[in-house]
Number of protein chains: 2
Amino acid sequence: MSGSQPGLGAAHASSRSAILDLIRAAGTISRVELTRATGLTAATISTVVRRLIDDGLVLEVGRAESTGGKPRMLLQLDPSARYAIGVHLDHAGITYVIANLGGAIVARWRRPGAGSDDPATVVARIAAEIRTTITRVGVDPARILGLGVVSPGPISSSTGMTLTPPVMQRWAEFPLGAALEDAVGLSVLLDNDATAAAIGEYWSGGIATGSAFAALYMGTGIGAGIIVDGTVYRGSSSNAGEIGHICVDLDGPVCWCGNLGCVEVLAGPAAVVAAARDAGLELAGRNVAENFGALARAASRGEALPLQLLERSSRYLGVAAQTLANVLDLELVILTGPAFALAGSLYLPEIERRLGQSFFARGSHPVRVTISSNAPEAAAVGAAALVLQSELAPRQAGVRMPLELPLEVTAG
Amino acid sequence: MSGSQPGLGAAHASSRSAILDLIRAAGTISRVELTRATGLTAATISTVVRRLIDDGLVLEVGRAESTGGKPRMLLQLDPSARYAIGVHLDHAGITYVIANLGGAIVARWRRPGAGSDDPATVVARIAAEIRTTITRVGVDPARILGLGVVSPGPISSSTGMTLTPPVMQRWAEFPLGAALEDAVGLSVLLDNDATAAAIGEYWSGGIATGSAFAALYMGTGIGAGIIVDGTVYRGSSSNAGEIGHICVDLDGPVCWCGNLGCVEVLAGPAAVVAAARDAGLELAGRNVAENFGALARAASRGEALPLQLLERSSRYLGVAAQTLANVLDLELVILTGPAFALAGSLYLPEIERRLGQSFFARGSHPVRVTISSNAPEAAAVGAAALVLQSELAPRQAGVRMPLELPLEVTAG
DNA sequence: TGGCATTCTTAGGCAAGTGAACAAAGTTAG
DNA sequence: CTAACTTTGTTCACTTGCCTAAGAATGCCA
């Protein structure tokens with residue numbers, strides 16, 4: 001980590017992070033409201049907010065209506081206080097995004113993918129790309145927090161490198177993070193597409209701090225990013241949410257993972273395209289994504305076979321979403337990623353229907369479903385949000401958190 | 001993963017809890033080891049441990065071998081320092097347990113179940129039962145931390161009452177916790193059977209603080225208690241892990257929950273027993289549990305039909321376990337509850353096989369499977385552990401925890 | 001017996017958070 | 001317009017959790 005990074009003051013105090021996160025989620029919020037939301041005293045909020053303002057991260061923007069006393073002073077993140085760069089690295093294309101503190105996209109562009117080039121060459125290309133765009137867009141380099149890089153999961157937490165997905169064999173064991181850090185001169189964070197997309201939604205979607213939701217990401221593979229109470233759920237090896245390989249049909253076809261009837265092999269874009277070909281459909285696209293897009297458009301026009309194929313796919317994805325919601329007790333599922341960008345509206349009704357039938361939709365709370373507002377670039381936006389998040393809400397390793405309380409009955 | 005950073009604010013009094021938890025998990029451990037495990041300094045450990053010893057919770061028990069310097073002083077929880085009472089309330093029977101700080105069972109007994117009696121009557125019966133046994137066993141009442149009560153899930157977190165499972169309709173909306181608190185004079189914690197069983201395993205099984213595991217509980221229903229990094233995963237409405245109603249066959253039979261092909265309706269004890277009856281088997285038991293037990297014994301003897309039925313059931317449970325492990329990225333699954341107490345060894349191989357094929361068992365870590373050492377009373381033991389946990393590792397509400405860091409690359 | 005390594009303790013200090021009093025800025029009632 | 005009240009936000013002295021630094025205790029080995 002180069003010491004030239006601005007950081008956000010000395011990256012200490014988790015209350016600072018918690019307060020920033022609440023301001024982010026609320027849009028605008030007053031100090032009293034922060035007092036109630038955090039459980040801290042007004043005195044603490046006062047001093048912490050003072051520092052945030054001094055650091056230029058937070059702005060005071062007008063007053064609220066009086067409720068019978070002194071009106072509240074409204075606080076807001078200063079969107080242009082810091083920036084983060086996100087890169088979505090995929091076989092087919094590399095998507096770049098510069099996002100500001102508000103999670104808004106300041107710049108966005110796309111270049112040819114990693115393809116079969118040498119990783120080192122690709123890294124050099126990325127570095128050049130980023131440097132020239134920073135100057136072109138005119139973002140103060142001192143305000144750039146870092147670089148987030150996302151690729152199809154899973155990732156290896158031990159080495160800090162992305163694992164080798166089938167289509168990107170050359171990247172196996174390549175020290176992507178370190179190489180980029182050297183080449184770009186920014187600190188680099190790596191993660192998988194689905195997790196990043198979830199964080200991206202958390203940032204740009206204004207999702208409440210306390211909620212439990214998942215971003216159901218369909219691109220090359222199918223995965224889910226899970227965020228609960230403002231915390232990414234990663235599991236024991238940072239591979240949680242890999243739902244592409246949950247079984248939805250014990251007697252289904254063999255998946256490349258070795259099991260039978262995985263969601264991915266039954267319902268993923270590649271499976272849909274293959275089924276269309278098997279049914280005799282002519283598909284002229286150069287890759288799965290293009291053909292899947294063509295099928296989605298055909299289905300939207302009402303063509304019978306494509307419609308039927310996508311309905312079949314959506315039934316399986318509905319099951320996957322429902323399983324996810326049941327296991328994790330979610331309140332929101334967001335459909336995102338390139339495949340849902342192309343065909344989200346075709347999937348939505350069936351997924352909605354199944355989640356409406358979910359176990360909890362009855363006794364307890366409903367499970368909402370939405371399509372991401374920026375599904376096509378969700379991964380890249382998420383990559384940038386990754387950086388914002390790590391700077392704004394750094395979790396300290398150190399002391400382990402204890403078990404949370406079970407339901408407590410306070411009687412008498 | 002970066003090491004432990006200094007200056008963590010929000011940890012607070014939780015370092016005491018963290019240390020207690022590490023001592024629990026380790027059995028015996030020295031101060032230096034605590035220093036390394038927590039990331040705190042030796043000085044801090046020293047003073048915190050001093051207070052724990054003064055409070056009578058921890059004992060110094062002998063020295064370790066010298067490694068070339070002063071030998072380590074070994075620390076241990078004082079098992080008889082505190083006690084907790086656990087009650088498993090079910091239609092068929094009420095199981096009581098008194099557990100000590102070590103998670104060991106000090107007393108255990110069983111009485112007729114809630115049946116169709118008036119809830120108030122049952123509460124009075126429970127209170128009397130507990131009072132007389134406390135005096136009979138001779139446990140110092142002042143050392144009893146509280147009462148944990150567990151019943152088949154799901155539970156309602158808003159009211160603090162157990163929801164009404166199909167067989168216990170009379171308990172709907174009954175303020176169980178408050179009533180028991182009044183009647184017994186102890187603070188009461190409520191939770192569902194699966195979650196409690198997981199906490200019970202965490203306590204009596206000596207599970208490491210950092211691990212991610214689930215207790216797969218099969219009793220009346222099928223559920224899972226999830227513990228990650230020492231924290232119960234509860235989801236948005238405390239109903240996480242309700243895997244009885246994930247779909248494993250889109251074209252399966254209708255479940256009472258309204259969906260098709262749920263694990264419970266395909267593979268639960270009631271389903272196995274019903275299938276046996278449909279196949280013409282004579283079953284003389286008075287309830288599902290007895291009949292399921294008879295089938296399990298018959299299968300163990302090698303009888304073809306029972307064996308086949310249980311193998312079928314175990315295939316579905318294998319899928320459920322694998323789904324759970326995939327979604328949550330688990331490293332351990334523990335089979336527990338009355339049904340696995342009866343037939344665990346018949347289920348184990350198939351579940352093990354499927355988890356061995358799991359997506360991560362290949363690239364990454366394996367998923368272990370074990371049968372609980374006290375599967376029959378897992379829920380009652382868990383109920384007691386619930387209390388131990390809440391006292392030893394109380395999570396402070398107040399400040400929300402921020403997002404955890406994604407993979408961080410530390411280069412040059 | 002005196003180094004030396006390792007474990008644990010004591011002493012002083014910093015910083016986050018608290019409680020209590022107070023200042024600021026509005027509304028409401030006369 | 002003034003006085004009383006409400007709500008919001010700040011200042012300040014104090015507690016506490018943890019750190020650094022130094023030292024004490026307790027074993028091994030020459």
Side-chain angles (χ1 to χ4, degrees), chain A residues 8-20 23 28-55 58-75 394 396-402, chain B residues 3-20 23 28-54 58-75 394 396-402:
Chain A
L8 300 168
H12 34 224
S14 72
S15 69
R16 182 185 163 104
S17 306
I19 289 169
L20 270 173
I23 299 176
T28 72
I29 193 172
S30 70
R31 290 175 178 79
V32 237
E33 292 167 290
L34 287 174
T35 306
R36 280 161 206 153
T38 56
L40 299 171
T41 55
T44 305
I45 297 292
S46 185
T47 59
V48 173
V49 167
R50 154 64 55 95
R51 269 204 305 263
L52 289 173
I53 292 174
D54 288 349
D55 292 352
V58 168
L59 297 173
E60 291 187 323
V61 288
R63 310 168 121 66
E65 289 279 288
S66 166
T67 60
K70 175 174 174 176
R72 308 170 173 189
M73 179 65 80
L74 294 177
L75 305 169
Q396 51 273 50
V399 179
R400 294 185 189 290
M401 280 291 101
Chain B
S4 20
Q5 299 306 322
L8 8 146
H12 268 326
S14 75
S15 70
R16 180 186 163 105
S17 306
I19 289 169
L20 269 173
I23 299 176
T28 72
I29 194 171
S30 70
R31 289 177 179 79
V32 234
E33 293 169 290
L34 288 174
T35 305
R36 279 161 207 152
T38 57
L40 300 171
T41 54
T44 305
I45 297 292
S46 186
T47 59
V48 174
V49 167
R50 156 61 54 94
R51 268 204 304 264
L52 290 174
I53 291 173
D54 289 348
V58 168
L59 297 173
E60 291 186 324
V61 288
R63 309 168 121 65
E65 290 277 289
S66 168
T67 60
K70 174 173 175 176
R72 307 170 175 189
M73 178 67 78
L74 294 177
L75 305 169
Q396 65 269 17
V399 180
R400 291 186 189 291
M401 280 291 98

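In what follows, every chain begins at residue 1, and chains take the letters A, B, ... in the order their sequences are listed. Since the structure is predicted, the reported quantities are computational estimates derived from the model, not experimental observations.
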- Thr44(B): partners by side chain to side chain donor-acceptor pair (under 3.5 Å), with sequence neighbours left out: Thr41(B)
Donor-acceptor pairs are to be reported for all side-chain atoms of residues 58-75 of chain B against protein atoms at under 3.5 Å, with residues two or more places apart or in another chain.
| from | atom 1 | to | atom 2 | distance (Å) |
| --- | --- | --- | --- | --- |
| Glu60(B) | OE2 | Arg31(B) | NH1 | 3.2 |
| Glu60(B) | OE2 | Arg31(B) | NH2 | 2.7 |
| Ser66(B) | OG | Gly68(B) | N | 3.0 |
| Ser66(B) | OG | Gly69(B) | N | 3.1 |
| Ser66(B) | OG | Gly69(B) | O | 2.6 |

Taking OP1 and OP2 of [N], is either one under 4.0 Å from a side-chain nitrogen or oxygen of [X]?
| X | N | answer |
| --- | --- | --- |
| Ser46(B) | dT9(C) | yes |
| Arg31(B) | dT9(C) | yes |
| Thr41(B) | dC19(D) | yes |

Give the nucleotide from the list [options] with an atom nearest to the side chain of [X].
| X | options | value |
| --- | --- | --- |
| Thr47(B) | dT18(C), dG9(D), dT10(C) | dT10(C) |
| Thr44(B) | dA20(C), dC18(D), dC28(D) | dC18(D) |
| Ala43(A) | dT18(C), dG9(D), dC19(D) | dT18(C) |

- Check whether any side-chain heavy atom of Val32(B) lies under 4.5 Å from a side-chain heavy atom of Ile45(B), and answer yes or no.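 They are not in side-chain contact.
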Spacing of [X] atom [atom1] relative to [N] atom [atom2], expressed in whole Å:
| X | N | atom1 | atom2 | answer |
| --- | --- | --- | --- | --- |
| Leu40(B) | dT20(D) | CG | P | 11 Å |
| Glu33(B) | dC8(C) | CD | C1' | 14 Å |
| Ile45(A) | dG9(D) | CD1 | P | 11 Å |
| Met73(B) | dT26(D) | CE | C1' | 10 Å |
| Ile19(A) | dA16(C) | CD1 | C1' | 11 Å |
| Leu52(A) | dA16(C) | CG | C1' | 14 Å |
| Leu74(A) | dT8(D) | CG | P | 12 Å |
| Leu34(A) | dT8(D) | CG | P | 12 Å |

- Message: Checking Arg16(A) against Asp55(A) for the side chain to side chain contact (heavy atoms under 4.5 Å, CB included) test, could you report, in this order, the C-alpha distance in whole Å, the side-chain angles of both residues, the deciding distance, and whether it holds?
- Response: CA-CA 12 Å; Arg16(A) 182 185 163 104; Asp55(A) 292 352; 2.9 Å; yes
- Query: Between Ala42(B) and Arg51(B), who's closer to the 5' end of DNA chain D by nearest nucleotide?
  - Reply: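 Checking each residue's closest nucleotide, the 5'-ward one belongs to Arg51(B).
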Nearest 0.5 Å, what's the [atom1]-[atom2] distance between [X] and [Y]?
| X | Y | atom1 | atom2 | answer |
| --- | --- | --- | --- | --- |
| Leu40(A) | Leu34(A) | CG | CG | 9.5 Å |
| Ile53(B) | Arg51(B) | CD1 | CZ | 12.0 Å |
| Glu33(A) | Thr35(A) | CD | OG1 | 9.5 Å |

- Message: Under the rule for side-chain contact (heavy atoms from CB on, under 4.5 Å), what residues qualify as partners of Thr47(B), not counting sequence neighbours?
- Response: none
- Message: Counting the atoms with a prime plus P, OP1 and OP2 as sugar-phosphate, which does Arg63(A) contact under 4.0 Å by heavy atoms, base, sugar-phosphate, or nothing?
- Response: sugar-phosphate
What does the list of N/O pairs under 3.5 Å between the protein and nucleotides 13-16 of chain D look like, with a distance for each?
none

Between the protein and nucleotides 4-7 of chain D, list the N/O to N/O atom pairs that are separated by less than 3.5 angstrom.
| from | atom 1 | to | atom 2 | distance (Å) |
| --- | --- | --- | --- | --- |
| dT6(D) | O2 | Gly68(A) | O | 3.4 |
| dT7(D) | O2 | Lys70(A) | N | 3.0 |

